[in-house]
Amino acid sequence: MKDKTEKAKERHIPAPSVESIRDLILEAKKKAYAETDHEPEPELTSAVEWPITCTVGPGLEGAIACESKVGYVNGSKGWLIYRGYDIFDLCAYSTFEETSYLLLHGRLPSQAELTEFTTSLRERMFIPQTQRLMLSFPVETMNPMSALRLGTNLMRQKQTYRDTDTEADLKVGEILATDDDSIPMETRPPGKKNPVFEFLTGLFKRVHPASEDALVGSDEIESCYNLIAGVASVAATIGRTRAGRIPLEPLPEYGLAGNYLYMVTGRRPTALEERIMDISLILHADHGMNASTFASMVVASTLSDIYLAIGAGISALSGPLHGGANVEVVKMLAEIGDPSNVKKWFRETTAAKKKVMGFGHRVYKAYDPRARILGPISALLTENDETRRKTYATAVALEDAVVSELGAKKIFPNVDFYSGIVYSAMGIPQELYTTIFAVSRVAGWCARVVEYLENNRIFRPRAMYTGTFDETYVPPSER
Ligand code: SDX
């Protein structure tokens, strides 16, 4: 009888190479393209003459809120593109930095621009003062997404421009933060008396008339760069603090994905781990007018500032119906325990009219292309570990059960179904999974906020009033 180690040795499959991951993604693309055509939906991809007529369901289902060039989700075909580039190609060939640049600027960067942008994001991940401020809060016991929103606000706290009308009281010298990681936040243009804060921008027009010596707008994209880099550092700091460790600073040899992994685990990631995290950040970066993107845009449309707008996105993403589903999926798979329990568990779940986490989607009525990428990657990552292999096998059995029963209702796996298995295989604690979603989606939130503000109109839908009329007021003594 072979012992476990011998069996494991026999089974030991060499760790996949970074190149093999690209092949796996291109294989998944081929399968997707074989199963569905990739024609854009004319009713969702044509320029419009406002006002338009659309059929709107509860939860604004079907409502068209704006035009956008940032990205498109073809729900009926299971097709996702960012600025015209297919998500399979971006995951196969791009990096999260390059994809963020594409989402923000609308084109792929030149090699020189990419090198400069990647270096700039790495430098902006260096936020020691914000990390120090975070340690003065009980981050280790806070909900990770509320800690992430706190950290984003602490990044903003360098925003020492006045939030009140009494700008006269504030002397520029006093409001200059001494915080060394605020330096990128404030630049003093040559010859100017006052520093310039990047969030006070041409787009985020100040509510107060700019007095002569007030801070003047600069490039709003600076804020987006700070947020894309800073949210990754804040998320890693949360993971480190929850593990009872001190926060780490980014290393020069890694990009954003590798530095996130290093800063959260304290271990230098392998090239494969770095590449898989990079791919995961690419495929979560943007997804049309999902709830958290819409939340960010609504806040920004009031001309609030981008830090608070991104905070709204973080808040919306935290819900289990949205970004929080990836944590619920791994808990659900642990509860099922084994592929042999799936049928019974699924029967009981549907009988109780409960939803299966990681399945279904408001827009996708086909297989989520992101799940088509994360599924095979999770298979690769779990091959060499018996427990993880069982988790993956349970997931596959559950997918078969759900799709055979609910596929006719267009219920398929979504992005959250396999992402948790991937993160768990990389040693990331499950309570951080949704913060990783935010680390990626901050790029899409920023891109859509900046785009919307170019033709801003405050979001203000109506509600159908179905209450009473002509009520007579009766004083409390007569009620
Ligand atoms: C994300 O919007 C985005 O783009 C989001 C996202 C992004 O990248 O930003 O893609 C990320 O949020 C993915 C979704 C993660 N959430 C989950 O996995 C939670 C489980 N999924 C469901 O809660 C649900 O599918 C939603 C919330 C995702 C979508 O809900 P809808 O569009 O409001 O659909 P619904 O609740 O009205 O359901 C329609 C029907 C119902 O059956 P009937 O009452 O008509 O008979 O489909 C059924 C539902 O019961 N259904 C499910 C189901 N999801 C829908 N049945 C079982 N399990 C499910 N998961």
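What's counted below: heavy atoms across the whole structure, side chains too, no hydrogens, waters or symmetry copies. Every number for a ligand or one of its atoms is a count from 1 in the order of the listing.
Applying the side-chain contact (heavy atoms from CB on, under 4.5 Å) criterion to Glu249, with sequence neighbours excluded, gives Phe126, Pro128, Gln131.
Using a 4.0 Å cut-off between charged nitrogen and carboxylate oxygen, Lys344 and Glu348 count as a salt-bridge pair. Between Arg124 and Glu222 a salt bridge is recorded (basic side-chain N to carboxylate O distance below 4.0 Å).
Nearest heavy-atom pair, Leu283 versus Arg370, reported as atom, atom and distance to 0.1 Å: O-CD, 3.1 Å.
Among Leu121, Ile228, Thr118, the single residue meeting the side-chain contact (heavy atoms from CB on, under 4.5 Å) criterion with Phe96 is Ile228.
Residues with a heavy atom under 4.0 Å from ligand 1: His287, Asn290, Pro320, Leu321, His322, Ala325, Lys355, Val356, Met357, Gly358, Phe359, Gly360, His361, Arg362, Arg370, Leu406, Lys409, Ile411, Asn414, Asp416, Phe437, Arg441.
For NZ of Lys365, the number of neighbouring non-hydrogen atoms (other residues, nucleotides, ligands) closer than 6.0 Å is greater than 12.
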